S.K.: 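Take this structure, written in structure tokens, and hold onto it; I'll ask about it next.
For clarity, every value in this text was computed on a predicted model and none was experimentally measured. In what follows, chains are A, B, ... by sequence order, proteins preceding strands, each numbered from 1.
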2 protein chains.
Amino acid sequence: MRMAELSRESGVAAATIKYYQREGLLPPGELTSPNQARYDATHVRRLKLVRALLEIGGLSVAAVREVLTAIDDPATSTHDVLGLAQHGLPVLKSEVSDEDRAWAMERIEAAAVARDWELFPESPLIEALVSVLCTLREVGHDWVLDALDRYFAAAEEVAEADVGALARRGSTEAIVEGAVVGTVFGDALLATLRRLAHAQASRKRFNA
Amino acid sequence: MRMAELSRESGVAAATIKYYQREGLLPPGELTSPNQARYDATHVRRLKLVRALLEIGGLSVAAVREVLTAIDDPATSTHDVLGLAQHGLPVLKSEVSDEDRAWAMERIEAAAVARDWELFPESPLIEALVSVLCTLREVGHDWVLDALDRYFAAAEEVAEADVGALARRGSTEAIVEGAVVGTVFGDALLATLRRLAHAQASRKRFNA
DNA sequence: CTGAATGGATAGCTCCACTATCCAAAATGA
DNA sequence: TCATTTTGGATAGTGGAGCTATCCATTCAG
């Protein structure tokens, strides 16, 4: 398979494919001569994954590169990848006052204890969580957090399903790639379903 | 309050505030003379909301404008806003083959029936959902969908909490603004918690 | 009265994700 | 064989988004 076919197969313009190669999102084809290369099904697959991460996952090209680097690195362990998979999130480093942080941590810890979670307060995920809570407070909508424990419960529900499904996969590479894909696409899936469920819940409560 | 103070209070550069005004994200101040305006706490609050929608919600300026227009429109009803709140999602219109669509709809309907949801197959939300499922299939990771019913369950869990919390709010405007804010920020909250929960679930399953 | 700040208009900046052009070296088809 | 595509690789250009900077006439503060 050469460039034209790879482009047709994947639905991505040839110039864009070359761009992705330059950016390290797609490995080079196997060179048959100094200026001819051959591609195969793995390139098609990788290309589809890149497009999906960009379009559905909403990742930047740089974020996609990081994610793919982790997938391709044989040293990446299953445990690593679950910690790494936050690369998709806009890592927000908003400055938060000490008292706001304390308020947020109190809320988080209360909900975590109730579900028997063990927290590592200095992890970037906790940072992100604190940011979200404080921002909600800032804009005067901290009532959202009245349901924080149910958010925890829902997150636990899907996470257990995710880890279960992941564990059922075969090789380490399959698990690593699955973790990344599941994390990114699961967000989109969950967000969409939540909106659908809003419609259901509001019908159930007000109309029926 | 004049520009300098509004800027200090909100942490947004004056030039940026002017830009937001031009873009219709922030109402003009009350003119005291042809070229002097006064601002108040509502402007500070709105500004913080704009920043939060941009940074945490990840919305574009155009999307923020739509959302705020809906909030400000007195004609927006509670029911409207829950349908409208999908404005935050990247509305993906990927072309899907008929058989892929059929495959996706089958999965979706099965899960919906199990939870007693009523679907409207031509709604944009269903379209988005079909896109996500088909893309997962395309990239060879449809095993994620083995847990689709648990995603439905989790979505229902949070949606009911959302609608319940919303119903507890007072005025119509409070509900409308709450719906938008809750939808956008809830996504960020849920995504972050899901990653935290991944760590918990993987510890529980493999380490403990 | 004087210097700083303001609202409003306009132009410019940086980054990002592509896209287009060019070239010499294959590949293809007659 | 030999004209015509196609290719990989390099480089430059494009368009949109989200600010940011400059200018100007007016107005405010000391």
S.K.: What is the distance, rounded to the nearest whole Å, between atom CD of A/Glu5 and atom P of C/dA27?
M.R.: 16 Å
S.K.: Atom CD of A/Glu30 and atom P of C/dA26: how far apart are they, to the nearest Å?
M.R.: 16 Å
S.K.: Taking atom types as modelled, is there a side-chain donor on A/Arg46 or A/Tyr20 under 3.5 Å from an acceptor on the other?
M.R.: no
S.K.: Where each residue is assigned the nucleotide of DNA chain D containing its nearest heavy atom, which of B/Asn35 and A/Pro34 is assigned the position nearer the 5′ end?
M.R.: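 Going by which nucleotide is closer to the 5' end, it is A/Pro34.
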S.K.: Working to the nearest 0.5 angstrom, can you tell me the gap between A/Asp146 CG and B/Asp162 CG?
M.R.: 11.5 Å
S.K.: Rounding to a whole Å, what distance do you find between A/His43:NE2 and D/dT7:P?
M.R.: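 Taking NE2 of A/His43 and P of D/dT7, I get 15 Å after rounding.
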S.K.: Distance check needed: C/dT28 C1' versus A/Met3 CE, whole Å only.
M.R.: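 Checked: the CE to C1' distance equals 18 Å.
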S.K.: To the nearest 0.5 Å, how far apart are CD in A/Glu109 and CD in A/Glu106?
M.R.: 8.5 Å
S.K.: Show, in sequence, the C-alpha distance, side-chain angles and deciding distance for A/Arg38 and A/Glu5, and conclude whether the salt bridge (charged side-chain N to carboxylate O under 4.0 Å, His left out) test is met.
M.R.: CA-CA 10 Å; A/Arg38 200 176 309 144; A/Glu5 194 180 349; over 6 Å; no
S.K.: Measure all distances between protein nitrogen or oxygen atoms and nitrogen or oxygen atoms of nucleotides 28-30 of chain D, and list the pairs falling under 3.5 Å.
M.R.:
from: D/dC28; atom 1: OP1; to: B/Ser33; atom 2: OG; distance (Å): 3.4

S.K.: Any pair with a residue in residues 41-70 of chain B that passes ring pair (Phe, Tyr, Trp, His ring centres under 6.0 Å), sequence neighbours left out, goes on the list, sorted by first then second residue, please.
M.R.: B/Tyr39-B/His43
S.K.: Minimum heavy-atom separation for A/Ala174 to A/Arg169, with atom names?
M.R.: O-NH1, 3.2 Å
S.K.: For residues 157-188 of chain A, which residue pairs pass the ring pair (Phe, Tyr, Trp, His ring centres under 6.0 Å) check, not counting sequence neighbours?
M.R.: none
S.K.: How long is the line joining CG of A/Leu6 and P of D/dG8, in whole Å?
M.R.: 9 Å
S.K.: In whole Å, what is the span from the CG atom of A/Leu59 to the P atom of C/dC16?
M.R.: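 Distance, rounded to whole Å: 14 Å.
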S.K.: Only Watson-Crick and G-U wobble pairs with both distances less than 3.5 Å should count. Give DNA chain C in dot-bracket notation, marking inter-strand partners with |.
M.R.: |||||||||||||||||||||||||||||.
S.K.: Return the residues of residues 14-29 of chain B meeting this criterion: a heavy atom under 4.0 Å from some atom of DNA chain C. Order them by number, or give none.
M.R.: B/Lys18, B/Arg22
S.K.: Which distance, rounded to the nearest 0.5 Å, do you find between the OG of A/Ser131 and the CD of A/Glu138?
M.R.: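 Result: 11.0 Å between the selected atoms.
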S.K.: Quick one: label B/Arg51 by what it contacts on the DNA or RNA (base, sugar-phosphate, nothing), any heavy atom closer than 4.0 Å.
M.R.: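 Counting heavy atoms under 4.0 Å across all strands, the contact made by B/Arg51 is with sugar-phosphate only.
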S.K.: Got a second to check how far B/Ile17's CD1 is from B/Leu6's CG, nearest 0.5 Å?
M.R.: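 Going from the CD1 atom of B/Ile17 to the CG atom of B/Leu6 covers 4.0 Å.
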S.K.: Can a side chain N or O of A/Tyr39 be found less than 4.0 Å away from OP1 or OP2 on D/dT7?
M.R.: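 Looking at the OP1 and OP2 atoms of D/dT7, neither is under 4.0 Å from any side-chain N or O of A/Tyr39.
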S.K.: Sort and list the pairs that fulfil ring pair (Phe, Tyr, Trp, His ring centres under 6.0 Å) and have at least one residue in residues 158-177 of chain A, not counting sequence neighbours.
M.R.: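 Of all non-adjacent pairs touching residues 158-177 of chain A, none passes ring pair (Phe, Tyr, Trp, His ring centres under 6.0 Å).
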S.K.: For the pair made of CG in A/Leu53 and C1' in C/dC16, what is the distance, rounded to whole Å?
M.R.: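 These atoms are roughly 17 Å apart.
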